Amino acid sequence: MFSQLKDHHVLRRDILASLVVFLVALPLCVGVAVASGVPAELGLITGIVGGLVVGMLPGSSLQVSGPAAGLTVLVYEAVQEFGLGALGAIVLVSGILQLTLGALGFGRWFRAISVAVVQGMLAGIGLVLVLGQVYAMADTAQPSGGLGKIAGLPGLAGEIVTNGTALTAFLVGAGTVAVLVVWPRLPARVRVVPGQLAAVALATGVALLLDLPLAKVEVKGLLESIRPPGLEDFGHLGGVAALGTVLAFTLIASAESLFSAAAIDRMHDGPRTDYNKELMAQGVGNTVCGALGALPMTAVIVRSAANVQAGARTPLSRILHGLWLLLFAALLPAAIGVIPLAALAGVLVHAGCKLIPVRELAPLWREHRGEAVILVVTAVAILVTNLFEGVILGLLLAVVKTAWEISHLHLDIRELTGGRMVVSITGNATFLRLPRTLEQLEALPKDRPIELDLSGLHHVDHACRIALENWALRHNDAETEPVRMHLPNVT
C-alpha cells in the first residue's frame, strides 16, 4: 500500500474517495443506530472501528465496514429482549467466533451458502425494515413482530390522515425517499454529493427553515455512549435464545461481508480478497465493537461500491473515512441532534426496498423455480417469525432441494425369454426417492422370476438398502423363484 501512495495521483484519489465514503457512511451510521433502538453515537463508533481498525487489516483491500441495515432487525430484537448492555457481549462473542472460523479456514465455505437463501434473508430483512420504518417516518411507535406491523398499517394510515404532526413527519420522510429515488437520474455534477447525505441534508434544512415539530436524533456524546459489557451482561448468554442470536449475528454478518467482498472484487482489477483473512478482520472489528458496547459490523456494499466508484486504489481511503467519522463525532456532535428521525427513517425505507430483489424474482422463477421458492419462503419466514429461524428454514430448504435434485433414479424393466424380468435401477438411491421407487417395484407381478440389477447405482443410503432388501425377500409368491438382487458395494 505504502509504495502505491508514493504516487501523488493515487494518494489524491484515495483521499477524495475517503471523503465520498464518509459522506455516504455518516447518515447510514446514524440511521441504522436509531432504527436499532440504540443511541446514534453507537452507529458512529462502529463506523469508526470499521475504518480505523478493520481498514488496516488484510483481507479485502477496498471493502468498507460499518453498521449495516441488514442487521438492524436482529439488533433491535436483541436489545428489546436482552437489553442494551447485553448487546456488547453478544457482538463480542460473535466477533471471537468469526476470528476462530477465519483462523480455521472456514472463510471460503461461507461462499457455499445458497444465493437464494442470502437473497431471501436480505429480502426478509428489507420487508421488516420497511414495515418498521414506515411507522418511524410518521413519528409513531411501531408494533412488535412482522405480522403486528402489517396489521397496524390501517391504523397508521388513519393516524397520518387525522394527525397533523404525523402527517408532517411522514411527508418529510416520503420526501427523503423521493430525493433518493430521483438522485441517480440527476446530472453527474450534482451526484458528486452522495444521495443519502443530500436527502438528509435537504430534509433537515426544510425542518429547520419551517420550524417543523419533528422528533430529532438524541445526542449524548461519543465517550458517554461507550459502555463496555460487564460480567452480568455475559450472564445473559447462557440461554438458548441468546446463543441463537450470537449464531445469527455470526452467520449473517460473515455471509453478508464475504458476499459483499465477492461483489466488490468484480468491480475492480486490484488484489483479490483473501476470504479467511477478511473473516478474521471482521472478527477483530466485531470484537472491538463488542468491547465498546457498540453495534455489530459487516462489510457494507453501499459504502464499498462508493469507495471503488470514487477511484480508491488502496486501503487508505477506508482508513481515512473512519478518521473523518471520528473527527465529526468529536468536534460536531450537535450537528447530529438537528436531524429529523423521519428523514433517517426515509433513508432506511429506501435501503430496505433495495434489499428486496423484485426485478430478479420473475426471471428466477422462470429459470430456477426451486431457488425462487427458497427465496420467497425464507423472506416470508423472517417476516412471520424472526431472522434466525427464517434463515435456518431457508438453509434446510436449500439442503433438501439439493438432495432431491442429486438423488435422480431411473428404473428400467426388461422382459427376457422364459418370462424372467430384469429391473435395472441407476442413479443415486436416497430416502427421498424411496416412496416412488417402492411403488414401482410393488407393482411388478409376484408370479414371475425377477432379477433386480443395482450395479448402475452410484450411491445407496441405508434406508434404501434395507427397503430394497426387504422388498426382495417378500415380493414373490412362495412357489415362485425368489427375487435375485445384485447390490453393488457403494455407499
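A quick note: this is a predicted structure, and the numbers were derived from the prediction, not measured.
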Main chain of Phe431, side chain of Asp461: is a donor-acceptor contact present, judged purely on distance under 3.5 Å?
yes
Heavy-atom side-chain contact between Met56 and Ile319 under 4.5 Å
yes
Any side-chain heavy-atom pair of Ser94 and Ile90 under 4.5 Å:
yes
Flag the pair Glu415 / Arg420 as yes when at least one side-chain heavy-atom distance between them is below 4.5 Å, and no otherwise.
no
From Trp471 CH2 over to Leu441 CG, what is the distance, rounded to the nearest 0.5 angstrom?
5.0 Å
Quick one, Pro39 and Leu42 - any side-chain contact, counting heavy atoms below 4.5 Å?
yes
For Ala136, is there any backbone N or O sitting under 3.5 Å from a side-chain donor or acceptor partner on Thr140?
no
Between CG of Asn276 and CE of Met280, what distance do you get to the nearest 0.5 Å?
8.5 Å
Would you give me the side-chain donor-acceptor pairs under 3.5 Å for residues 367-381, sequence neighbours excluded?
from: Glu371; atom 1: OE2; to: Lys401; atom 2: NZ; distance (Å): 2.8
from: Thr378; atom 1: OG1; to: Ile374; atom 2: O; distance (Å): 2.7

Met421 CE to Leu416 CG distance, which is reported to the nearest 0.5 Å:
9.5 Å
Please confirm whether the backbone N or O of Leu295 pairs with a side-chain atom of Thr46, one donor and one acceptor, at under 3.5 Å?
yes
Just to verify, what does His410 make a side-chain contact (heavy atoms from CB on, under 4.5 Å) with, not counting sequence neighbours?
Asp412, Thr426
Output, in order, the C-alpha distance, side-chain angles, deciding distance and verdict of side-chain contact (heavy atoms from CB on, under 4.5 Å) for Lys149 and Gln133.
CA-CA 10 Å; Lys149 291 177 175 62; Gln133 293 306 302; over 6 Å; no
Judged by atom type as modelled, is there a donor-acceptor pair below 3.5 Å linking the side chain of Gln63 to the main-chain atoms of Ala299?
no
Leu434 versus Cys464, closest heavy-atom pair with distance:
CD1-SG, 3.9 Å
For Asp447 and Thr480, run side chain to side chain donor-acceptor pair (under 3.5 Å): C-alpha distance rounded to whole Å, both residues' side-chain angles, the deciding distance at 0.1 Å, then the answer.
CA-CA 6 Å; Asp447 58 353; Thr480 306; over 6 Å; no
Inter-residue atom distance His475.NE2 - Leu438.CG, 0.5 Å rounding
11.5 Å
Side chain to side chain donor-acceptor pair (under 3.5 Å), that's the test. Do Asn476 and Glu481 meet it? Break it down for me.
CA-CA 7 Å; Asn476 277 4; Glu481 180 183 340; over 6 Å; no
So does Arg227 pair up with Asp233, basic N to acidic O under 4.0 Å?
yes
Name the residue from Asn286, Leu71, Val288 that meets the side chain to side chain contact (heavy atoms under 4.5 Å, CB included) definition with Met297.
Asn286
Is Tyr275 reaching over with its side chain to a backbone N or O of Gly105, donor-acceptor style, under 3.5 angstrom?
no
Does CZ in Arg474 sit with more than 12 non-hydrogen atoms of other residues, nucleotides or ligands closer than 6.0 Å?
no
Under 3.5 Å donor-acceptor, Arg185 side chain and Val181 backbone:
yes
I need the minimum non-hydrogen distance between Met137 and Ala174, along with the two atoms involved.
CE-N, 3.3 Å
Do any N or O atoms from the side chain of Arg318 and from the backbone of Gly55 form a donor-acceptor pair under 3.5 angstrom?
yes
Minimum-distance pair of heavy atoms, taken over all atoms of Ser18 and Ser317:
CB-O, 3.1 Å
Is Asp274 reaching over with its side chain to a backbone N or O of Gly59, donor-acceptor style, under 3.5 angstrom?
no
Would you say that Val284 contacts Leu99 through its side chain, given a criterion of any heavy-atom pair below 4.5 Å between the two side chains?
yes
Might you confirm whether atom CG of Leu231 has over 12 heavy atoms from other residues, nucleotides or ligands at distances under 6.0 Å?
no
So how far is it from Thr298 OG1 to Ile252 CD1, rounded to the nearest 0.5 Å?
10.5 Å
Exercise: do Ser254 and Gln282 side chains pair donor with acceptor under 3.5 Å:
no
Would you confirm whether Ser257, through its side chain, and Ala255, through its main-chain N or O, come within 3.5 Å as a donor-acceptor pair?
no
Measure the shortest side-chain to side-chain distance between Val75 and Pro296 over non-hydrogen atoms and say whether it is less than 4.5 angstrom.
yes
I would like to know whether Leu409 and Asn428 meet side-chain contact (heavy atoms from CB on, under 4.5 Å); could you show each step before the answer?
CA-CA 6 Å; Leu409 273 185; Asn428 295 289; 5.7 Å; no
Ile356 vs Leu127 side-chain heavy atoms within contact, under 4.5 Å
yes
Which heavy-atom pair separates Gly346 from Val177 by the least distance, and what is that distance?
O-CG2, 3.4 Å
Checking His321 side chain against Leu316 main chain: does a donor-acceptor pair fall under 3.5 Å?
no
Please determine whether side-chain contact (heavy atoms from CB on, under 4.5 Å) holds for the pair Leu87 and Phe82, giving the CA-CA distance in whole Å, both sets of side-chain angles, and the decisive distance to 0.1 Å.
CA-CA 7 Å; Leu87 176 64; Phe82 307 110; over 6 Å; no
Quick one: does Leu393's side chain get under 4.5 Å of Ile382's, heavy atoms only?
no
Would Val93 and Phe234 satisfy side-chain contact (heavy atoms from CB on, under 4.5 Å), going step by step from the backbone distance to the final call?
CA-CA 9 Å; Val93 174; Phe234 285 99; 4.2 Å; yes
Going from SG on Cys289 to CG on Leu92, what distance comes out if it is rounded to the nearest 0.5 angstrom?
10.0 Å
